[in-house]
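Letters A, B, ... mirror the listed sequences (proteins, then strands); counts begin at 1.
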There are 2 protein chains.
Amino acid sequence: MIPTLAPLPSRLPDSVPFVGPETLERQRGASFAARLGANENGFGPSPRAVAAIQAAAAEVWKYGDPTSHDLRAAIAVHCGVTPDHVVVGEGIDGLLGLAVRLMVGEGAKVVTSEGGYPTFDFHVAGFGGTLVRVPYAGDRQDPAALVARAAQTGARMVYLCNPDNPMGGWHAPEAIEAAVAALPPDILLILDEAYAEFAPALPRIDPDDPRILRMRTFSKAYAMAGARIGWAIGAPAVIRAFDRVRNHFGVNRIAQAGALAALGDRAHLAGAVARVVAARDRIAAIARDNGLSALPSATNFVAVDCGGDGDLARAVLAGLAERGVFVRMPWVAPQNRCIRISCGPDAELDALAAALPDALAAARR
Amino acid sequence: MIPTLAPLPSRLPDSVPFVGPETLERQRGASFAARLGANENGFGPSPRAVAAIQAAAAEVWKYGDPTSHDLRAAIAVHCGVTPDHVVVGEGIDGLLGLAVRLMVGEGAKVVTSEGGYPTFDFHVAGFGGTLVRVPYAGDRQDPAALVARAAQTGARMVYLCNPDNPMGGWHAPEAIEAAVAALPPDILLILDEAYAEFAPALPRIDPDDPRILRMRTFSKAYAMAGARIGWAIGAPAVIRAFDRVRNHFGVNRIAQAGALAALGDRAHLAGAVARVVAARDRIAAIARDNGLSALPSATNFVAVDCGGDGDLARAVLAGLAERGVFVRMPWVAPQNRCIRISCGPDAELDALAAALPDALAAARR
């Protein structure tokens, strides 16, 4: 027997948004030769970040600064805002959970895309919100339709990921800015910009606009997913509200030190983006070599159209996994005709190139 | 204007359970010579943990294993349970928040001690629970009274910290075991054992008992507070329920690696405990030298009775801070006659010994 849970969690499933590659490796009894499924950045973090982490190791007996003072100051300079516009949290995943908890009471409506970020959906369900889903339009999330649906349904919150995960596309700044202009006053737009550093351009948004929270991370371009650190930018009154619910000592000290160093290494970031661009081209070439087409990407991954339905793509994914290549795929039609391949170093893309023909052939049988 | 918050957070204060020492240092414009306020372990982590953290730095581009598989396996061996009895989280603070979220709906009663752990109270308020407070008895939390009050009030959860924070005392295993025996079937006892490694003995509790969650941490004896990692032991069905609400990728990869190495270094742990015992004796001697008395401690800190009321102790604390010594103190009477001094290396205790006479004299004026 288990003690009676509170009403809300008693109705939740024993849910896991994503299975990690370590679990898959244990199931297959062997490591992956290519870890290209979680949009991690295998080109690795700045050597300065690595050095800062290593230097912080002996000081790990100290709690991290609960205000992330120094990092917030550096982020503020980097983003052209004040520290009062910035909250640092345990990755975008953690910040999304806090934002949902702040805004979404039981039964409140939240608009997202059909096939959008499962972890966001997990948080909305976890706090009793009701998800309203808007279809993708042309393999991209549809900013105008998302905002329109939020207004129609009286939603409390609307989620938009730009550049897009899981498809990789992006919207020009004007499209996002138009959606923001159409947003009613009392709806919070979560603009998930996890892949911002790979975008050709970003929208201009007034940081004092209380309707918008922009989410950014050290997990992708900065290659520090394992450190669990990200930030949100919003109006100071909205940012301050996070203090009501966040785990104040939750951001680890080592991550704060590493992130601060990473933010200071602009040259490494530029190099990382260049390596990602080259890897995107190579993934597209591998796709072409196999008669497949790659979707345009403004992220550190490429959606490759397997040329069939979700069952075919799932079979390709399974075939790749059998052959030591970990990738993931979108979870609704028609986007699930694709597999999603993260950019990585040449050795991992070699493994992809070697495995894909057989995986495809097996999937088509 | 701020967007309308959900009903529950809209009623919460802009609360901060603890101000961190970095904030106090910025306010005073100088670093502390002695950081003895947060029950951190200034003797430092195992060199093996430091080496594991440093080795993990270059792999920080990978997300941590969301199941903490290897660490849970090691903890299970260490604690004589199975991995299904263990959930790893972002420190006890994070695990307390999840446990409250799982068990405490709005208006549900939660029993704790008057002057108990403020972060636990923060979580209970944050999920809409109603706190019922039981007085300390003889400078210790009162297990029998806590359980009795939980039964009387129909509480969903009762919190007990043993060894005790902020006073440092402990209960013999029989007292905890008797409280467990008296616990009604559908109330969850949170047994916060953050200081377990410093206790002379721990209670025997059936790990399959669904009424109990034992919380443990790498922050204290293992000196890894800045890594943000701890664990809870409970019946597998209760542990599984955490998957409904936890941030699955929230435990950072570096902490997992460091914790695994720390757990394997039993000699370092034994040395750390011995150093803490010696430091406790030295703090007691410093107290005596100043005409004050130290309370018995089974933790890595010592409550020192300043011989007056809360105002006097607050003045001593302020005087120490002015002189570069960071300590904290209990927050309700009569425990607030004390200041709480963490064990630390000789240089920090030297700073305490140097500052205390003047701080006391100034406080008494």
Side-chain angles (χ1 to χ4, degrees), chain A residues 1-7 9 12 14-17 20 22-23 38 40-42 44-45 50 53-54 57-58 60-67 69 90 93-94 97 102-105 126 186 188 210-211 223-228 237-238 240-241 243-245 247-250 252-255, chain B residues 1-7 9 12 14-17 20 22-23 38 40-42 44-45 50 53-54 57-58 60-67 69 90 93-94 97 102-105 126 186 188 210-211 223-228 237-238 240-241 243-245 247-250 252-255:
Chain A
M1 200 191 96
I2 172 173
T4 308
L5 299 181
L12 296 174
D14 283 329
S15 176
V16 176
E22 290 82 2
T23 298
E40 295 161 332
N41 181 348
V50 172
I53 288 169
Q54 291 175 336
V60 75
W61 61 273
K62 298 178 186 175
Y63 286 101
D65 175 3
T67 70
H69 176 275
E90 299 96 323
D93 282 0
L102 276 176
M103 295 295 300
V104 179
D186 200 25
L188 189 73
R211 302 169 305 159
M224 293 176 57
R228 301 288 60 212
V238 179
R240 210 154 44 234
D243 278 347
R244 299 181 179 207
V245 295
N247 184 5
H248 284 262
F249 286 81
N252 72 89
R253 186 178 190 91
I254 290 174
Chain B
M1 201 192 95
I2 172 172
T4 308
L5 301 181
L12 296 175
D14 283 330
S15 177
V16 175
E22 290 83 2
T23 298
E40 296 160 333
N41 180 348
V50 173
I53 288 170
Q54 291 176 336
V60 74
W61 63 271
K62 299 178 185 174
Y63 286 100
D65 174 4
T67 70
H69 177 273
E90 299 96 325
D93 283 1
L102 277 176
M103 294 295 300
V104 179
D186 199 26
L188 189 73
R211 303 169 304 157
M224 293 176 56
R228 301 288 61 212
V238 179
R240 209 154 45 234
D243 278 347
R244 300 181 178 206
V245 295
N247 184 7
H248 284 262
F249 287 81
N252 73 88
R253 186 177 190 92
I254 290 174

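Of the residues considered (B/Ile254, B/Asp243, B/Asp65, B/Thr23), B/Asp65 shows the highest number of contacts with chain A, using heavy-atom pairs under 4.5 Å. Counting heavy-atom pairs under 4.5 Å between each of A/Thr67, A/Leu102, A/Val50 and chain B puts A/Leu102 at the top. Ranked by heavy-atom pairs shorter than 4.5 Å toward chain A, the options B/Gly64, B/Ala227, B/Ala241 are led by B/Ala227. Options A/Ala6, A/Gly250, A/Ala223, A/Ala38 differ in how many heavy-atom pairs under 4.5 Å they form with chain B, and the most are formed by A/Ala6. Note: A/Gly42 leads A/Gly94, A/Gly42, A/Pro7 in heavy-atom pairs under 4.5 Å with chain B. The choice from A/Pro66, A/Gly126, A/Ala225 that makes the most heavy-atom pairs within less than 4.5 Å of chain B is A/Ala225. Chain A forms more heavy-atom pairs under 4.5 Å with one residue of B/Met224, B/Arg240, B/Glu90, B/Glu40 than with any other, namely B/Glu40.
Contacts between B/Asn41 and chain A at a heavy-atom distance below 4.5 Å involve the backbone alone (N, CA, C, O). Both the backbone and the side chain of A/Leu12 come within less than 4.5 Å of a heavy atom in chain B. With a threshold of 4.5 angstrom between heavy atoms, A/Asp93 approaches chain B through its backbone and through its side chain. In this structure, the portion of B/Val104 lying under 4.5 Å from any heavy atom of chain A is its backbone and not its side chain.
For A/Glu22, the side-chain hydrogen bond (donor to acceptor under 3.5 Å, both in side chains) partners are A/Arg35, B/Arg253, not counting sequence neighbours.
A/Arg228 approaches B/Phe249 most closely through the heavy-atom pair CD-O, 2.6 Å. B/Ala58 and A/Pro45 get closest at one heavy-atom pair: O-CD, 4.1 Å. Nearest heavy-atom pair, B/Pro3 versus A/Pro210, reported as atom, atom and distance to 0.1 Å: CG-O, 2.9 Å.
Atom-to-atom distance recorded for A/Arg244:CZ and B/Asp14:CG is 4.5 Å, nearest 0.5 angstrom. Here the straight-line distance linking atom CD1 of A/Ile53 with atom CD of B/Gln54 works out to 11.0 Å at 0.5 Å rounding.
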